[in-house]
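Labels below follow one simple rule: chain letters A, B, ... track the order of the sequence lines, proteins then strands, and each chain is numbered from 1.
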Protein chains: 2
Amino acid sequence: MVSIYDIAQAAQCSIATVSCAINGKGRVSASTRKRILAACRTLGYAPNAAGRHLRLQRTETVGLLLYPTCASEFRNSFAAEVIEGLEDRLIAANYHLLLGGYRPQIASGTIPQFIGQGRVDGVVLLGKYPSTIIAELQLLPLPLLILDSEVTGLAIDSITTDGFAAGRAVVDRLVAHGHRRICMLAYDHDFHNPRMRRLGFLDGMQAHGLWPVQQSLITAFQHDAEGYRLLAHRLSGSEAPTAVFCENDHLALDLLSRLRADGVSVPGSLSLVGFNDDDGCAQAQPPLTTCHIDKKAIGRLGAEMILERIVAPELAVRHRLLPAVWIERQSVATRTTA
Amino acid sequence: MVSIYDIAQAAQCSIATVSCAINGKGRVSASTRKRILAACRTLGYAPNAAGRHLRLQRTETVGLLLYPTCASEFRNSFAAEVIEGLEDRLIAANYHLLLGGYRPQIASGTIPQFIGQGRVDGVVLLGKYPSTIIAELQLLPLPLLILDSEVTGLAIDSITTDGFAAGRAVVDRLVAHGHRRICMLAYDHDFHNPRMRRLGFLDGMQAHGLWPVQQSLITAFQHDAEGYRLLAHRLSGSEAPTAVFCENDHLALDLLSRLRADGVSVPGSLSLVGFNDDDGCAQAQPPLTTCHIDKKAIGRLGAEMILERIVAPELAVRHRLLPAVWIERQSVATRTTA
DNA sequence: TTGAAAGCGCTACCAC
DNA sequence: GTGGTAGCGCTTTCAA
């Protein structure tokens with residue numbers, strides 16, 4: 001490996017000058033700078049990371065901690081895109097991404113390995129963390145950032161989608177399409193994002209004075225099949241809903257195929273709205289109307305946010321909200337009830 | 001951050017002794033060792049990575065280079081599991097994983113950033129790399145490992161599945177089930193893995209003296225829909241195949257739903273075999289008979305292989321083959337042609 | 001504009 | 001068994 005000494009020798013100067021030239025610290029004459037950079041190029045020099053880290057007390061690396069496991073998050077195309085955006089922006093800042101799945105055995109009470117070893121300047125959290133774990137992680141003397149989630153009451157930087165506004169907007173749109181009997185289908189889980197969507201939905205329903213609000217939210221299920229059963233029951237009753245807003249596209253697409261199998265036409269007899277704009281929404285039959293999230297942007301902005309905090313740890317905590325934008329495809333019908 | 005000096009002070013000894021005690025380099029009395037380890041625990045000491053790397057000239061990190069991009073590989077559940085296995089084993093060896101998507105602009109002619117900076121001790125390649133890129137990467141003065149692919153003629157460590165044997169075994173199994181008119185459906189791509197499966201398949205067909213071999217391989221398509229068209233055409237002719245071996249589960253599952261939509265019963269009128277044992281095979285209707293690959297094992301063994309090479313760069317190049325094992329579910333019928 | 005030198009935290013050699 | 005110390009490659013202060 002070629003070191004700064006080799007360059008100094010080749011360019012006939014001291015290592016201090018080489019360092020200055022490379023890092024653009026002025027005080028180097030144009031001619032020596034040119035000599036030095038030329039030598040770097042010919043010898044293929046790149047500053048050794050370990051030496052640099054040791055001296056700078058900075059690793060130019062951020063840890064990506066996935067929960068519950070690497071595989072679970074990778075498989076998730078949402079996370080995959082977020083990571084892509086994150087990596088992209090970090091690389092641009094000469095930063096790198098160190099991968100880690102959360103390991104309960106190691107981390108309970110203790111911190112993930114790579115953190116204690118000073119391998120990273122900050123940690124990005126991605127996944128459906130229980131808030132207890134996040135609270136524990138917060139004790140780390142390290143910049144922390146939560147992507148696509150948030151723990152209310154905890155002072156940790158975060159970037160999320162504005163699910164409340166989106167939930168509200170979905171109701172507005174459906175109403176604009178002439179729907180009055182609207183349902184939301186949401187798993188019986190307690191994660192931040194879907195909760196906000198539910199609240200936004202309820203807000204919209206109330207604002208438009210629609211239906212007994214408590215009837216319009218179907219959440220007493222954990223799995224798609226159960227959810228469908230509940231919905232089917234509602235559909236077969238009188239006063240059946242004409243539109244259903246699903247917590248996410250996965251649920252919506254599952255519903256779509258079940259409805260189809262049962263001969264319920266979408267959007268003919270029932271309109272369907274998803275959330276996330278996953279791959280596959282556009283290919284569905286009919287193409288699914290949903291709320292688009294710019295997942296890469298979450299990653300990109302996340303990279304920027306944590307880099308800023310690394311530089312300025314005393315900055316005020318920031319919670320950034322990204323919009324989810326309505327994508328009209330063909331799963332919502334316009335009702336012209338005379 | 002607490003350093004080795006803090007421990008030395010707390011334990012009333014020199015930093016040299018602390019280092020020895022921590023790294024188990026003998027020559028430390030039981031009593032001092034105990035004092036030192038106690039101090040480490042109370043002060044929460046972990047050796048600083050940068051200092052260690054600089055001194056050891058080793059980073060205890062391997063780079064994971066994904067192609068074409070991070071997101072593409074993450075989305076792929078096969079890669080996700082491989083990475084999981086890789087990470088698991090690396091962590092156990094106190095190694096870490098540095099993430100990088102392949103960046104053509106940077107890498108053409110030049111090497112990926114993190115490599116030149118001495119950030120990693122080795123690089124693991126995962127994805128559908130063109131062999132030209134691999135050949136370029138091979139010039140790096142770094143241990144290299146290809147997971148789930150291989151470039152024939154290039155001396156690079158690799159771990160792959162034995163697709164030839166598996167392709168051959170599929171024919172054997174189908175024959176054992178009474179099938180004689182067997183097709184293989186494979187995309188018109190030239191990647192190492194599917195090629196080996198094709199060769200194994202052809203070998204089996206020949207060995208059993210089945211059908212004009214050239215007719216039994218359907219590859220003139222790039223997309224699922226075209227593949228289906230070709231197959232459907234064959235099915236409608238006389239001498240229709242009774243069993244189809246698909247290059248992978250994705251294709252098989254796609255076919256399955258198309259066949260179903262067209263009223264072709266599986267396995268009643270046609271038997272179907274996939275490859276990979278992806279999520280979803282077991283849930284399909286009917287559950288898909290396929291070849292199981294232990295993806296995590298590819299990652300785990302990969303970790304071991306590259307760690308070994310890092311320690312002993314002069315080792316002979318190794319190509320390791322893992323078996324793909326037949327998983328009998330319900331998409332293959334037994335034909336008792338009297 | 002340049003260079004000498006200190007020191008980041010660690011391991012390993014060598015002397016005691 | 002233990003400790004002093006050199007030195008890994010780098011950046012930065014200070015002096016020239």
Candidate pair R103(A) and D88(B), rule salt bridge (charged side-chain N to carboxylate O under 4.0 Å, His left out), full reasoning | CA-CA 10 Å; R103(A) 288 184 165 62; D88(B) 226 58; 3.1 Å; yes

Side chains of [X] and [Y]: donor-acceptor distance under 3.5 Å anywhere?
{"X": "T160(B)", "Y": "D148(B)", "value": "no"}
{"X": "S158(B)", "Y": "R318(B)", "value": "no"}
{"X": "H192(A)", "Y": "S149(A)", "value": "no"}

Counting only side-chain nitrogens and oxygens, does [X] get under 4.0 Å of the OP1 or OP2 atom of [N]?
{"X": "Q57(B)", "N": "dT11(C)", "value": "no"}
{"X": "T17(A)", "N": "dG3(C)", "value": "yes"}
{"X": "Y5(B)", "N": "dG7(C)", "value": "no"}

For the pair made of [atom1] in [X] and [atom2] in [N], what is the distance, rounded to whole Å?
{"X": "L56(B)", "N": "dG9(D)", "atom1": "CG", "atom2": "P", "value": "13 Å"}
{"X": "I4(A)", "N": "dC8(D)", "atom1": "CD1", "atom2": "C1'", "value": "14 Å"}
{"X": "K34(A)", "N": "dT1(C)", "atom1": "NZ", "atom2": "C1'", "value": "17 Å"}
{"X": "I22(A)", "N": "dT12(D)", "atom1": "CD1", "atom2": "C1'", "value": "14 Å"}
{"X": "H53(A)", "N": "dC10(D)", "atom1": "NE2", "atom2": "C1'", "value": "11 Å"}
{"X": "R119(A)", "N": "dG9(C)", "atom1": "CZ", "atom2": "C1'", "value": "14 Å"}
{"X": "I7(B)", "N": "dC10(C)", "atom1": "CD1", "atom2": "P", "value": "9 Å"}
{"X": "R33(A)", "N": "dG3(C)", "atom1": "CZ", "atom2": "P", "value": "14 Å"}

In terms of side-chain heavy atoms of [X], which of [options] is nearest?
{"X": "S14(A)", "options": "dA5(C), dG3(C), dG9(D)", "result": "dG3(C)"}
{"X": "S29(A)", "options": "dT2(C), dG9(C), dT12(D)", "result": "dT2(C)"}
{"X": "K25(B)", "options": "dA12(C), dT11(C), dC8(D)", "result": "dA12(C)"}
{"X": "N48(B)", "options": "dG9(C), dG4(D), dC13(C)", "result": "dG9(C)"}
{"X": "R52(A)", "options": "dT11(D), dG3(C), dC10(C)", "result": "dT11(D)"}
{"X": "P47(B)", "options": "dG3(C), dG7(C), dC10(C)", "result": "dC10(C)"}
{"X": "I15(B)", "options": "dT11(C), dG3(C), dT2(C)", "result": "dT11(C)"}
{"X": "T32(B)", "options": "dC8(D), dA12(C), dT2(D)", "result": "dT2(D)"}
{"X": "R55(B)", "options": "dC10(D), dG3(D), dC10(C)", "result": "dC10(C)"}

Base dG3(D) to side chain R27(B), donor-acceptor N/O within 3.5 Å cut-off |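 Yes.
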
Whether over 12 other heavy atoms sit under 6.0 Å from E308(A) CD |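 Yes, the 6.0 Å shell around CD holds more than 12 heavy atoms from other groups.
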
Report which part of the nucleic acid A16(B) touches: base, sugar-phosphate, or nothing (heavy-atom distance under 4.0 Å, all strands).
->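 It contacts base atoms.
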
Short N-O contact, K295(A) and E84(A), less than 4.0 angstrom =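 Salt bridge flag = no for E84(A) with K295(A).
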
Mapping S3(A) and C13(B) onto DNA chain D by nearest heavy atom, which one lands closer to the 5' end?
->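 Final value for this comparison: C13(B).
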
